[in-house]
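Input: a single structure, listed below in structure tokens.
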Amino acid sequence: MDGVGGPIVEAEAYAPDDPASHAFRGMTARNAAMFGPAGRLYVYRSYGIHWCVNVVCGPPGVGAAVLVRSLEPVHGIETMRSRRGRDPLATGPGNVGQALGATSAQNGEPAVLHPPDRIRRVETSARIGITKGVERPWRFFDPDSGAVSRPISSAARGSRRTHA
DNA sequence: GTATTGATCTTCT
DNA sequence: GAAGATCAATACA
């Protein structure tokens with residue numbers, strides 16, 4: 001989309017039998033794209049103000065996808081900057097959606113993916129921002145990249161839910 | 001520096 | 001009517 005993008009350095013996996021997944025309770029009008037063929041985009045509105053971008057990765061009818069949490073700004077940096085107006089250009093799901101200019105118009109569209117620019121180290125950790133299925137360590141990120149929202153799961157901002 | 005709340009809206013129960 | 005895969009600004013220590 002618009003030539004903006006960059007290497008994905010943080011992502012989370014969501015499976016059909018995953019209580020945290022939008023596809024957990026079956027197909028609905030919103031998550032229909034998750035049940036489409038692999039390589040499509042699934043874009044949804046988060047908390048009413050953010051657009052989160054997923055890449056469908058399962059066979060049609062399954063309902064599996066990967067949430068793009070952050071990427072390194074490489075292409076179309078100026079465009080991202082004008083769209084964001086803030087420093088972290090594409091760090092965090094909502095920010096990625098905004099930087100890419102993703103809206104419901106991109107929902108179900110084919111994703112444009114490229115091979116990695118280099119071999120990247122990959123760490124795993126528990127997923128972030130969810131209330132169910134937290135025990136599944138299905139967050140994948142590159143600890144060597146500065147664009148990752150949180151290098152390692154720690155108590156810094158882990159549960160900023162009301163009280164602890 | 002750390003903790004907490006506000007903004008804002010679609011979808012599901 | 002409530003929840004939700006969030007971000008950013010403000011309040012307080």
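Quick note on labels: first sequence line is chain A, next is B, and so on, each numbered from 1.
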Show which side-chain atoms of residues 51-66 of chain A pair as donor or acceptor with protein atoms under 3.5 Å away, not counting sequence neighbours.
| residue | atom | partner | partner atom | Å |
| --- | --- | --- | --- | --- |
| A:Asn54 | ND2 | A:Tyr42 | O | 3.2 |

Side-chain donor-acceptor distances from residues 12-20 of chain A under 3.5 Å, at least two apart:
| residue | atom | partner | partner atom | Å |
| --- | --- | --- | --- | --- |
| A:Glu12 | OE1 | A:Tyr14 | OH | 2.7 |
| A:Glu12 | OE2 | A:Arg69 | NH1 | 3.4 |
| A:Glu12 | OE2 | A:Ile128 | N | 3.0 |
| A:Asp18 | OD1 | A:Ala20 | N | 3.0 |
| A:Asp18 | OD1 | A:Arg127 | NH2 | 3.3 |
| A:Asp18 | OD2 | A:Arg127 | NH1 | 2.4 |
| A:Asp18 | OD2 | A:Arg127 | NH2 | 3.0 |

Please report the distance separating the C1' of C:dA5 from the corresponding atom of B:dA3, rounded so that it comes out in whole Å.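 Nearest-Å result for C:dA5 against B:dA3 at atom C1': 23 Å.
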
Using the test side-chain hydrogen bond (donor to acceptor under 3.5 Å, both in side chains), find all partners of [X] that sit at least two apart in sequence or belong to another chain.
X	value
A:Arg86	none
A:Ser21	none
A:Thr28	A:Asn31
A:Glu72	A:Arg120, A:Ser145

Going by salt bridge (charged side-chain N to carboxylate O under 4.0 Å, His left out), name the pairs with one or both residues in residues 30-55 of chain A, residues two or more places apart or in two chains.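 Counting only pairs at least two positions apart or across chains, no salt bridge (charged side-chain N to carboxylate O under 4.0 Å, His left out) contact touches residues 30-55 of chain A.
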
Enumerate all atom pairs, one protein N or O and one N or O from nucleotides 6-8 of chain B, separated by less than 3.5 Å.
| residue | atom | partner | partner atom | Å |
| --- | --- | --- | --- | --- |
| B:dT8 | O2 | A:Tyr47 | O | 2.6 |

Tell me which residues in residues 11-22 of chain A lie within less than 4.0 Å of DNA chain C, going by non-hydrogen atoms.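 Residues of residues 11-22 of chain A under 4.0 Å from DNA chain C: A:Tyr14, A:Ala20, A:His22.
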
Contiguous pairing runs of three or more, Watson-Crick or G-U under 3.5 Å, that involve DNA chain B: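 Stems (3+ consecutive pairs) listed as B:1-7 with C:6-12, B:9-12 with C:1-4.
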
Salt bridge (charged side-chain N to carboxylate O under 4.0 Å, His left out) involving A:Glu78 - partner list, sequence neighbours excluded: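 Listed in chain order: A:Arg81.
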
Could you pull out all residues at least two apart from A:Arg118 that satisfy salt bridge (charged side-chain N to carboxylate O under 4.0 Å, His left out)?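 A:Arg118 satisfies salt bridge (charged side-chain N to carboxylate O under 4.0 Å, His left out) with A:Asp142 once adjacent residues are dropped.
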
